[in-house]
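Below is one structure; the comments refer to it alone.
Naming convention: chains lettered A, B, ... in sequence-line order (proteins, then strands); numbering from 1 in each chain. Values reported hereafter were calculated over all heavy atoms of this structure, with side chains retained and with hydrogens, waters and symmetry mates removed.
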Amino acid sequence: MATSTMGRQPLSEVSGEAPRRHEPDDWADELAAGVNGPQVVNDSKTPSGTVHVGSLRGPVILDTIWRALRARGIEAHLLYGVDDLDPMDAQALLTPDAIDREMGRPLAHVPDPAGDCHESYARHFAGIFIETFRGLGIVPERYYWMSDIYPTGDMDSYIRAALDRAQVVRAIYRRVANVQHPDTWHPLSVICESCGKIGTTIVTKWDGARVFYECRETLVTWAKGCGHSGWVAPFGGRAKLPWNLEWAAQWSLLGVTIEPCGKDLSTAGGSRDRSDAIAREVFEREPPLNVPYEFINIGGKKMSTSRGRGAAAHEIVEVIPPEQLRFFFLRPKPNTAVDFEPNQTDAVPRLFDEFDRFAAATAGKPVRGEIAPGFEGTFRYSLLDRDADVAADAALFRPAFSHLALLLQIPNVDVAARVEAEKGSPLTERETDILNERVRAARAWLATYAPERAIVAVRENLPADAVAALADDQRQYLGALADAALSTEATPASGEAWQDLIFAVAAEAGLLNGRAFAALYAAFLGRTNGPRAGWLLASLDAGFVTDRLRTAAAAAAAPQVPA
RNA sequence: GGGCCGGUAGCUCAGUGGCAGAGCACGGGACUUUUAAUCCCUUGGUCGUGGGUUCGAAUCCCACCCGGCUCGCCA
């Protein structure tokens, strides 16, 4: 089965009676096949700054797992936590006078730096990532905010357990992560009653009802404590668990059964190992299934907002619309590191082509070559709308990215009309949206990443090398075309008129069409191929065209290379 | 130093014990108006290296080399 989906039954015919699948699954379906009972899929994030593309693989994987569970008929819930009691530890977005005051305070208590719209720093930046997720079709059933949960008292029993078993916690840190805390260290951060900071406090005693804490000036380098100390009952929102314990407590509180996490946390002796051990030994619950995932690199380097030209996250989003971005994150298995090099390569057009191939295969159309196992799932989970009619969506007309990139460079082309002609019928509303989205992406691609060979530019001067490489009859053809153009009553003005003339002269000269076009592209673009030649010539000044044809016709042939 | 991922055709990658594959690129051919389209054909690999297991290894085991990311304080 090398060339098509031949032999594969349409889904509708299979789903009624076939209890087993013949087709291999994609990784998410495989995962879903391996679990039993209702599932709670969870992840959480500290709202400390803006999100960038590189950090979106996790959420997409999370959402895909949930969709795959649902597709299999498993009861599944998707939760997303906002760790907004975490201390403010990045000063980049603060004004200088706010740094001293705000660094170390819970993010939920820091004012919105944007000023007006949100009640806190945390709400502002969480709002951004919630919006970003929504834009990618990731809509959890519920976002839960730790600043809401602690005051309800729901975390109190976990706080109590952590304090009662402080010695166990210290032993876990020592054993699993080789981190040695002092014997007086307790796993809890109190919000200082005096300065309101949480990142600067340390608990040293626990009497079963209250803790003794100190707000130390030099506990951390990034924030300065006020020196206050005292006894306080650490419940109902007055304190929070440190990261590894909070994570494990969330699993118990919410009944989490699956939680993916990035390789930075999944590493041996890392955060996940610590939290797993804490879940088992302190909260006495098996930790959720981990799905470790690798990161995305750009040109072999870590993705960042401040890379060189073309590698910055915001530029990448401009050339990769949401569904292609989901596809990009989903297609490889989670534990596969992906290196993406968009700059001066055809990586972006290829991503679109791959997506379109998956769509075509899902629609039951024949596709060239082999296609990855589980392609239907991969395509389905790439769609923004999780309830989309997959078959209908797969069958939509999607213009090829590189074709659009070409059309966009030719003057006076009605792209929508050309695409419609290609399809053979009017575009639907959704197809028009897809077209517009791709046109935007293609423009951005041409402006940032496109390699030289994708750029069509009429050369100001004769591309001598390309013309010299032509055969004699091809050069003669160019001269003949100039003569023909000048001898007509008026030089051809329309693309169609030029196109007719190109073919007519070629026929007269007994030149194959392909060789005639190649000669034209060489003379004007210095390449062997290009956009529809008639329309290209029509967009240029007529005098320039005939001059160039004559010059090219008169140019010398390439010297024969001695054998 | 620990961990993870990768090394298979020029490029991007699939291939978890049974004759080394696909797409693209390259080369050749077809086509009298979709010409960066479409169709046909061809070329191309010491599966990172060295051992081991096996009737049989890209695939399993061991060691190593190379590339990259990540961790060791905090989250």
Between P of B/U35 and CZ of A/Phe524, the distance in whole Å: 17 Å
Opposite nucleotide pairing with B/C31, Watson-Crick or G-U, both atom distances under 3.5 Å: none
Along RNA chain B (nearest heavy atom to each residue), the more 5'-positioned of A/Asp264 and A/Arg274: A/Asp264
Non-hydrogen side-chain atoms of A/Val348 and A/Gln324 separated by less than 4.5 Å: no
Spacing of A/Leu245 atom CG relative to B/C74 atom C1', expressed in whole Å: 14 Å
Touch class at under 4.0 angstrom, heavy-atom based, for A/Lys240 against every strand present: nothing
Spacing between A/Arg357 atom CZ and B/C24 atom P, to the nearest angstrom: 8 Å
Touch class at under 4.0 angstrom, heavy-atom based, for A/Asn244 against every strand present: nothing
Salt-bridge contact A/Arg357-A/Glu354 (side-chain N to carboxylate O under 4.0 Å): yes
Touch class at under 4.0 angstrom, heavy-atom based, for A/Pro292 against every strand present: nothing
Exercise: do A/Glu246 and A/Tyr150 side chains pair donor with acceptor under 3.5 Å: yes
Minimum-distance nucleotide (side-chain atoms of A/His181 versus B/A75, B/U33, B/C74): B/C74
Distance under 6.0 Å and angle within 45° of ring axis: A/Arg274 vs A/Trp243: no
Over-ring placement of A/Lys45 relative to A/Tyr80, 6.0 Å and 45° cut-offs: no
Touch class at under 4.0 angstrom, heavy-atom based, for A/Val220 against every strand present: nothing
Note: A/Asp148-A/Arg123 ion pair, threshold 4.0 Å (strictly below): yes
Watson-Crick or G-U counterpart of B/C4, or none if no pair lies under 3.5 Å: B/G68
B/G17 to B/C13 separation - P atoms, rounded to the nearest Å: 24 Å
Nearest to side-chain heavy atoms of A/Phe517, which nucleotide of B/U35, B/U33, B/G15: B/U35
A/Glu431 and A/Arg398 ion-paired at < 4.0 Å: no
Nucleotide B/C74, atom P - distance to CG of A/Leu107 in whole Å: 17 Å
Distance, P atom - from B/G50 to B/G1, rounded to whole angstrom: 25 Å
Distance in angstrom units between A/Asp339 CG and B/C66 P, rounded: 20 Å
Nucleotide of B/A75, B/U35, B/C69 approaching A/Phe295 most closely (side-chain heavy atoms): B/C69
Who pairs with B/G23 - Watson-Crick or G-U, where each distance is under 3.5 Å: B/C11
Sugar-phosphate, base or nothing in reach of A/Ser271, heavy atoms under 4.0 Å: base
Nearest-Å distance once atom C1' is located in both B/G45 and B/C4: 28 Å
Side chains of A/Asp83 and A/Gln250, donor plus acceptor under 3.5 Å: yes
Inter-nucleotide C1' distance (B/C11, B/C55), Å rounded: 38 Å
Carboxylate-amine/guanidinium proximity below 4.0 Å for A/Lys333 and A/Asp26: no
Sugar-phosphate, base or nothing in reach of A/Ser402, heavy atoms under 4.0 Å: nothing
Nucleotide forming a Watson-Crick or wobble pair with B/A37, both distances under 3.5 Å: none
d(CD1, A/Ile198; C1', B/C74) in whole Å: 13 Å
Out of B/U33, B/C73, B/A22, whichever nucleotide has its closest atom nearest the side chain of A/Asp500: B/U33
Nucleotide B/C69, atom C1' - distance to CZ of A/Phe340 in whole Å: 18 Å
Touch class at under 4.0 angstrom, heavy-atom based, for A/Leu265 against every strand present: base
Integer-rounded Å distance: B/U35 P and A/Gln499 CD: 7 Å
Protein N or O to nucleotides 4-11 of chain B N or O, pairs below 3.5 Å:
| from | atom 1 | to | atom 2 | distance (Å) |
| --- | --- | --- | --- | --- |
| B/C4 | O2' | A/Glu294 | OE2 | 2.9 |
| B/C4 | O2 | A/Glu294 | OE2 | 3.4 |
| B/C5 | O4' | A/Glu294 | OE2 | 3.1 |
| B/C5 | O2' | A/Ala337 | N | 3.2 |

Any side-chain heavy-atom pair of A/Arg216 and A/Thr200 under 4.5 Å: no
Base-pairing mate for B/U43 - Watson-Crick or G-U, with both contacts under 3.5 Å: none
Gap in Å between the two P atoms, one belonging to B/A58 and one to B/A9, rounded: 15 Å
Whole-angstrom distance between B/G6 and B/A14, as gauged at atom P: 9 Å
Earlier contact from the 5' end, RNA chain B, for A/Glu354 and A/Ala507: A/Glu354
Whole-angstrom distance between B/C19 and B/A30, as gauged at atom P: 37 Å
Side-chain donor/acceptor contact of A/Thr267 with base of B/G2 under 3.5 Å: yes
Separation of the P atoms in B/G2 and B/U43, to the nearest angstrom: 47 Å
